[in-house]
2 protein chains.
Amino acid sequence: MPEAQSPTRKRIVDAATRLFYAEGIGRVSVDAVAEEAGLTKRTLYYHFKSKDDLIAAYLDGRDQPNLKRMAGWFDAAEGGVDRKVEAIFTNLAKAAHHPKWKGCGFLRTAAELASMPGHPAIKVGSRHKSNFETWLAGELSDCGVEEPQALAREIVLLIDGSFSIMLIHRNPDYVEAAGRAAATLVRARIAGDQV
Amino acid sequence: MPEAQSPTRKRIVDAATRLFYAEGIGRVSVDAVAEEAGLTKRTLYYHFKSKDDLIAAYLDGRDQPNLKRMAGWFDAAEGGVDRKVEAIFTNLAKAAHHPKWKGCGFLRTAAELASMPGHPAIKVGSRHKSNFETWLAGELSDCGVEEPQALAREIVLLIDGSFSIMLIHRNPDYVEAAGRAAATLVRARIAGDQV
DNA sequence: TTGTGTATATTCACTAGTCGGTATACATAG
DNA sequence: CTATGTATACCGACTAGTGAATATACACAA
């Protein structure tokens with residue numbers, strides 16, 4: 001029974017994170033993860049009962065960092081709530097320029113596992129996306145926006161649309177366009193227009 | 001040199017389409033495609049020079065059918081252009097209920113190939129998504145919408161966001177929400193509001 | 001202090017099977 | 001007799017996962 005907080009386990013998850021995000025879960029072997037972590041495959045299987053479990057652990061480790069990153073962008077932005085929402089997209093577009101950027105690990109993993117809807121990693125991804133949506137709705141509510149839940153959901157759709165389209169076109173203009181659309185939707189809820 | 005219109009080739013692409021869409025390109029072997037097509041792997045490699053080529057052919061074969069399907073939904077919808085746009089989403093939500101529905105093959109393939117941005121299949125996907133965006137912009141323009149290109153792009157983002165989120169949450173409510181957001185964006189361009 | 005038992009943690013070597021791709025041969029049709 | 005298409009059989013590399021042995025650390029008894 002391995003410890004849940006073992007430093008070895010952390011090394012394995014870190015190695016898996018680097019490789020799975022860079023190459024995709026299907027293109028990375030358990031052998032490759034073990035080598036990247038600097039230990040043998042047998043040790044890896046001592047800490048994780050299967051590759052599927054390792055994949056879930058990889059995503060679980062990305063939940064809070066990703067959330068904090070988005071929240072940081074939102075908090076740091078100047079101006080009204082529409083500008084704060086737009087800031088998420090402009091920062092996303094900036095991040096997408098990095099050569100190591102490969103989209104959203106949660107969405108890519110869900111795409112790879114589309115034929116296994118009950119996979120533990122997809123449940124982790126679902127929880128992460130819900131966490132983000134809930135956090136955003138809370139922020140929007142604090143800013144006095146009407147129907148914050150509905151608006152948060154629409155913004156989430158634009159963010160995840162940006163992630164997906166970027167993998168096809170590799171053109172950050174789409175992320176900027178999504179940011180403008182999001183700002184439009186925010187203003188529609190501030191003005192109290194027709195929904 | 002195999003013929004481009006060979007019925008054998010078509011049988012192979014049809015088999016690949018069924019398997020690649022159902023399981024994902026990485027989880028389907030060339031052997032499996034050959035068996036599904038009812039011929040040997042050697043014959044498959046007579047018609048396609050590599051698995052990568054076969055993947056590109058699979059997506060290429062989906063370009064026009066997918067386009068026509070979306071256009072059919074748009075054309076058949078009653079009401080103003082906002083209702084026609086929303087109809088794409090409501091039909092999408094309906095389609096997503098089918099047990100064989102596994103999201104957008106183009107996006108899922110791009111996600112699987114995120115580490116190979118120049119892959120021929122991604123180019124095919126990029127062209128398909130551009131074709132759709134161009135068609136939609138034309139329809140919006142015909143309906144007298146302002147800035148049809150910008151609006152088409154925003155709607156594309158919501159559609160692809162719906163595809164992606166559905167693979168995580170398996171909840172069609174997100175598609176309906178995207179449809180309402182799209183209709184809001186359309187009306188903002190009809191009224192001539194702030195962009 | 002020394003010896004022994006036990007749980008945790010790690011390694012080497014291996015299995016049984018799959019992967020994309022190919023060498024060779026054999027049809028059949030122009 | 002050449003071009004097109006198909007089949008059998010095979011290749012070396014890689015796949016997820018495992019069996020058996022062992023290293024390490026700490027508890028407790030003599």
Side-chain angles (χ1 to χ4, degrees), chain A residues 1-59 109 112-113 115-116 118-122, chain B residues 1-59 108-109 112-116 118-122:
Chain A
M1 255 153 278
E3 264 187 69
Q5 299 295 359
S6 149
T8 304
R9 186 192 151 97
K10 182 177 183 324
R11 255 172 64 208
I12 296 169
V13 172
D14 288 349
T17 299
R18 286 192 294 276
L19 296 184
F20 284 158
Y21 181 73
E23 304 288 335
I25 58 166
R27 305 178 82 85
V28 173
S29 69
V30 177
D31 290 270
V33 174
E35 190 184 339
E36 172 83 10
L39 35 76
T40 65
K41 182 162 57 167
R42 200 65 187 82
T43 299
L44 189 153
Y45 273 102
Y46 176 76
H47 290 273
F48 298 91
K49 79 174 221 290
S50 67
K51 183 181 182 182
D52 289 333
D53 263 33
L54 179 56
I55 295 167
Y58 144 58
L59 289 187
T109 302
E112 286 203 54
L113 300 175
S115 63
M116 312 167 73
H119 193 289
I122 294 192
Chain B
M1 253 152 282
E3 261 188 70
Q5 298 295 359
S6 147
T8 304
R9 185 192 152 98
K10 183 177 184 322
R11 255 173 64 207
I12 296 169
V13 172
D14 288 350
T17 299
R18 287 192 294 275
L19 296 184
F20 284 157
Y21 181 74
E23 302 289 335
I25 58 166
R27 307 178 81 86
V28 173
S29 68
V30 177
D31 290 88
V33 174
E35 190 184 340
E36 172 83 11
L39 35 77
T40 66
K41 186 162 55 165
R42 194 62 191 85
T43 299
L44 188 153
Y45 273 101
Y46 176 76
H47 290 273
F48 298 91
K49 79 173 220 290
S50 68
K51 184 181 181 181
D52 288 333
D53 264 33
L54 178 57
I55 296 166
Y58 143 57
L59 288 187
R108 279 173 57 210
T109 302
E112 285 202 55
L113 299 175
S115 62
M116 313 167 73
H119 193 288
I122 293 192

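All figures in this text were calculated on a predicted structure; none of them were measured in a lab. Throughout, a chain's letter reflects where its sequence line sits, starting with A, and its residues are numbered from 1.
OP1 or OP2 of C:dT10 lies within a sub-4.0 Å distance of a side-chain N or O belonging to A:His47. The phosphate of D:dT6 (OP1 or OP2) has no side-chain N or O of B:Thr40 nearer than 4.0 angstrom. Between A:Tyr46 and C:dA9, a side-chain N or O to OP1/OP2 separation shorter than 4.0 Å is present. For D:dG5, the OP1/OP2 oxygens have no side-chain nitrogen or oxygen of B:Thr8 closer than 4.0 Å.
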Per-nt protein contacts along nucleotides 16-30 of chain C (heavy atom under 4.0 Å; B base, S backbone sugar-phosphate only, - none) come out as ---SBBBBB------

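For B:Glu35 and D:dT8, the CD to P distance is 12 Å, given to the nearest whole Å. A:Leu39 places its CG atom 15 Å from the C1' atom of D:dA23, with the value rounded to the nearest Å.
At least one side-chain heavy atom of B:Leu113 sits less than 4.5 Å from a side-chain heavy atom of B:Ile25. Counting heavy atoms from C-beta on, the side chains of B:Met116 and A:Arg27 come closer than 4.5 Å. Counting heavy atoms from C-beta outward, B:Phe48 and B:Val13 have side chains that approach closer than 4.5 Å. The closest side-chain heavy-atom distance from B:Val33 to B:Phe20 is below 4.5 Å.
Using a 4.0 Å cut-off between a side-chain N of Lys or Arg and a carboxylate O of Asp or Glu, B:Arg18 and B:Asp14 do not qualify as a salt bridge.
Rotation axes derived from the C1' atoms of the five outermost pairs at either end of the helix from C:dT1-D:dA30 to C:dG30-D:dC1 lie 10° apart, to the nearest 10°.
With rounding to the nearest 0.5 angstrom, the OG atom of A:Ser115 is 11.5 Å from the OH atom of B:Tyr21.
B:Lys51 places no side-chain N or O within 3.5 Å of a backbone atom of B:Ser29 that could act as its donor or acceptor partner. No side-chain donor-acceptor contact under 3.5 Å links A:Glu112 to the backbone of B:Gly24. With hydrogens and angles disregarded, no donor-acceptor distance shorter than 3.5 Å links the side chain of B:Thr43 to the backbone of B:Leu39.
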Intermediate values then yes/no, side chain to side chain contact (heavy atoms under 4.5 Å, CB included), B:Leu54 and B:Val30:
CA-CA 9 Å; B:Leu54 178 57; B:Val30 177; 5.5 Å; no

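Shown here is B:Glu35, whose CD atom has no more than 12 heavy atoms of other residues, nucleotides or ligands within 6.0 Å.
Contacts between residues 9-18 of chain B and DNA chain D, defined by a heavy-atom separation below 4.0 Å, involve no residue at all.
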